Amino acid sequence: TSRDKSPGVTDKAGKPLDKNPLKDVRVRKAISKAINRPAIVERVMEGAAVATGQLMPEGMFGYTPALKPEPFDPDGAKKLLAEAGYPDGFALTLHGPNDRYVNDDQICQAIAQMLSRIGVITRVETLPSAVYFSRANKLEFSLMLVGWAADTAEASSPLKAQLATYDVKKGMGTANRGRYSNPKMDALLAEALATVDDAKREKLLQQATEIAVGDLGIIPLHHQVNLWGARKGIAYTPRTDERTLAHEFRPQ
């Protein structure tokens with residue numbers, strides 16, 4: 001979102017645009033409205049996902065009741081595009097990995113079809129994750145599919161990595177490949193990271209999330225539901241960190 005000219009963003013004839021439409025929050029909101037999250041959950045993920053409007057699933061630290069999944073509203077999306085100065089839409093490339101997340105390639109294809117229906121003609125390019133993340137870190141993409149598992153089990157993890165203003169020395173924004181920046185969010189996050197009191201820290205993280213996601217620094221889609229298979233007679237309690245630990249299997 002930080003560049004005036006962004007890779008793969010063109011008019012419908014393929015000519016690069018002088019102005020980056022993704023810098024306009026109305027365009028980002030239009031993209032969010034164009035995505036039918038329940039359809040992705042039902043058809044692409046076969047029910048093994050939960051549509052979301054934020055970084056953490058309900059019940060986890062930093063989840064906020066104030067953010068709900070964006071309702072599917074293609075007409076509202078077209079209206080926002082027109083207000084932003086793109087009544088006829090534009091074209092872009094959506095990049096994603098094809099071997100990292102559950103059904104990642106299919107998710108990209110579904111989103112491309114949804115965006116194309118509102119006039120944002122979307123080409124998909126998916127790559128093996130080793131190539132994809134290397135290129136993403138070089139800021140070669142404009143719209144991309146990413147996922148995040150919060151290793152701290154708090155919203156501070158994705159906020160710090162994906163939405164904080166990029167700063168190598170501070171270790172902030174290490175996965176902020178769109179170079180989104182919001183000083184107000186940064187200040188709340190910094191305060192939260194220095195707050196020991198759990199209740200106060202969670203409130204600060206909720207406020208930071210509401211600002212960053214409300215600004216569409218990231219467009220949340222869904223939380224994938226991880227599945228484990230075990231033969232009869234063996235039990236395993238799934239872990240939120242996605243790890244599979246042999247010593248935690250037990251006779252049923």
Side-chain angles (χ1 to χ4, degrees), residues 1-9 17 19-35 37 52-56 62-64 66-67 69-70 77 80-81 84 86 90 92-97 101 107-108 111 115 120 122 132-152 154-193 204-223:
T1 56
S2 64
R3 296 173 284 199
D4 288 324
K5 290 188 177 181
S6 204
V9 182
L17 296 172
K19 190 170 70 170
N20 178 7
L22 299 177
K23 290 182 75 172
D24 192 318
V25 69
R26 293 170 295 185
V27 172
R28 302 197 297 273
K29 188 78 168 173
I31 289 172
S32 184
K33 284 181 174 292
I35 298 172
R37 290 165 180 78
T52 191
Q54 58 187 292
L55 305 171
M56 305 291 282
Y63 169 86
T64 169
L67 292 173
E70 184 79 58
L80 281 170
L81 283 179
Y86 303 95
F90 55 92
L92 54 71
T93 300
L94 168 61
H95 286 88
Y101 311 115
I107 293 167
C108 289
I111 290 171
L115 297 186
V120 179
T122 305
Y132 169 75
F133 287 109
S134 175
R135 290 185 58 190
N137 288 336
K138 295 174 185 173
L139 311 186
E140 293 184 18
F141 307 146
S142 293
L143 184 66
M144 67 205 87
L145 179 73
V146 296
W148 195 262
D151 51 5
T152 62
E154 294 192 9
S156 56
S157 172
L159 286 169
K160 182 180 177 182
Q162 294 186 304
L163 289 158
T165 299
Y166 181 70
D167 189 321
V168 177
K169 291 181 180 178
K170 293 181 180 178
M172 305 297 278
T174 53
N176 184 348
R177 303 177 183 102
R179 293 299 190 260
Y180 171 78
S181 179
N182 187 315
K184 190 174 180 182
M185 194 288 288
D186 289 338
L188 285 166
L189 177 58
E191 188 179 350
L193 292 171
L204 289 165
L205 292 175
Q206 289 171 332
Q207 291 172 335
T209 300
E210 287 162 17
I211 288 172
V213 176
D215 203 22
L216 282 303
I218 277 179
I219 298 173
L221 299 177
H222 60 259
H223 302 294

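Keep in mind that this is a model prediction, so the values were computed, not measured.
- Looking at Glu210 and Thr64, their side chains do bring a donor and an acceptor atom within 3.5 Å of each other.
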Side chain to side chain contact (heavy atoms under 4.5 Å, CB included) between Thr165 and Tyr180: does it pass, once the steps are laid out?
CA-CA 6 Å; Thr165 299; Tyr180 171 78; over 6 Å; no
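- Although no hydrogens or angles enter the test, the distance criterion places no donor-acceptor pair under 3.5 Å between the side chain of Arg179 and the main chain of Tyr166.
- Residues Ala77 and Ala34 share a closest heavy-atom pair of CB-N, 4.1 Å.
- In this structure, NZ in Lys170 is found 11.5 Å from CG in Leu193, a value given to the nearest 0.5 Å.
- Between Leu22 and Leu92 there is a side-chain heavy-atom pair separated by less than 4.5 Å.
- With hydrogens and angles ignored, the 3.5 Å screen pairs a side-chain donor or acceptor of Gln206 with a backbone N or O of Tyr63.
- Inter-residue side-chain proximity for Gln162 and Pro158 is flagged as met; some heavy-atom pair is nearer than 4.5 Å.
- In terms of modelled atom types and a separation under 3.5 Å, the side chain of Asn20 and the main chain of Arg3 share a donor-acceptor contact.
- Ile218 CD1 to Ser32 OG: the interatomic distance, rounded to the nearest 0.5 Å, is 12.0 Å.
- At distances below 3.5 Å, not a single donor-acceptor pair connects side-chain atoms of Arg37 with backbone N or O atoms of Pro69.
- For Gly53 against Leu67, the heavy-atom pair with the smallest separation is O-CB, 3.7 Å.
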Evaluate the side chain to side chain contact (heavy atoms under 4.5 Å, CB included) criterion for residues Lys29 and Asp24: first the C-alpha distance (whole Å), next the side-chain angles of each, then the deciding distance (0.1 Å), finally the verdict.
CA-CA 9 Å; Lys29 188 78 168 173; Asp24 192 318; over 6 Å; no
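- Atom CG of residue Asp186 and atom OG of residue Ser181 lie 5.5 Å apart, to the nearest 0.5 angstrom.
- Remark: side-chain polar atoms of Asp215 are not paired, donor with acceptor, to backbone N or O of Ile211 under 3.5 angstrom.
- Between Glu140 and Pro7, every side-chain heavy-atom pair lies at or beyond the 4.5 Å cut-off.
- At a threshold of 4.5 Å between non-hydrogen side-chain atoms, the residues Thr52 and Leu221 do not count as touching.
- Within a 6.0 Å sphere centred on NZ of Lys33, other residues, nucleotides and ligands contribute more than 12 heavy atoms.
- Once rounded to the nearest 0.5 Å, the distance linking OG1 of Thr174 with NZ of Lys160 reads 8.0 Å.
- Here Lys169 does not pair with Asp167 in a salt bridge; the nearest charged N to carboxylate O distance is not below 4.0 Å.
- Although no hydrogens or angles enter the test, the distance criterion places a donor-acceptor pair under 3.5 Å between the side chain of Tyr101 and the main chain of Gly147.
- Salt-bridge formation is not detected for the pair Asp4/Lys19: no Lys NZ or Arg NE/NH1/NH2 atom is positioned less than 4.0 Å from an Asp or Glu carboxylate oxygen.
- Side-chain atoms of Thr209 never come within 3.5 Å of backbone atoms of Gln207 as a donor-acceptor pair (strictly under, hydrogens ignored).
- Taking the side chain as every heavy atom from C-beta outward, Trp148 and Leu55 never approach each other to under 4.5 Å.
- Side-chain contact between Leu189 and Leu205 is present, with at least one heavy-atom pair separated by less than 4.5 Å.
- Interatomic distance, OG1 of Thr122 versus CG of Leu143, reported as 7.5 Å (0.5 Å rounding).
- Counting all heavy atoms, side chain and backbone alike, Ala155 lies closest to Gly62 at CB-CA, 3.9 Å.
- Not a single donor-acceptor pair under 3.5 Å links the side chain of Arg177 to the backbone N or O of Leu139.
- Atom OH of residue Tyr86 and atom CG of residue Leu81 lie 9.5 Å apart, to the nearest 0.5 angstrom.
- Judged by distance alone, with hydrogens and angles left aside, the side-chain atoms of Arg26 form no donor-acceptor pair with the main-chain N or O of Leu80 at under 3.5 Å.
- Of the possible polar contacts, one joining the Asn176 side chain to the Ala164 backbone as a donor-acceptor pair under 3.5 Å is found.
- Classified by interplanar angle (parallel below 30°, tilted 30° to 60°, perpendicular above 60°), the ring pair Tyr132/Phe141 is parallel.
- Proximity of Thr93 to Ser142: side-chain heavy atoms (C-beta onward) are nowhere separated by under 4.5 Å.
- Between Leu163 and Met185, the closest side-chain pair of non-hydrogen atoms falls below 4.5 Å.
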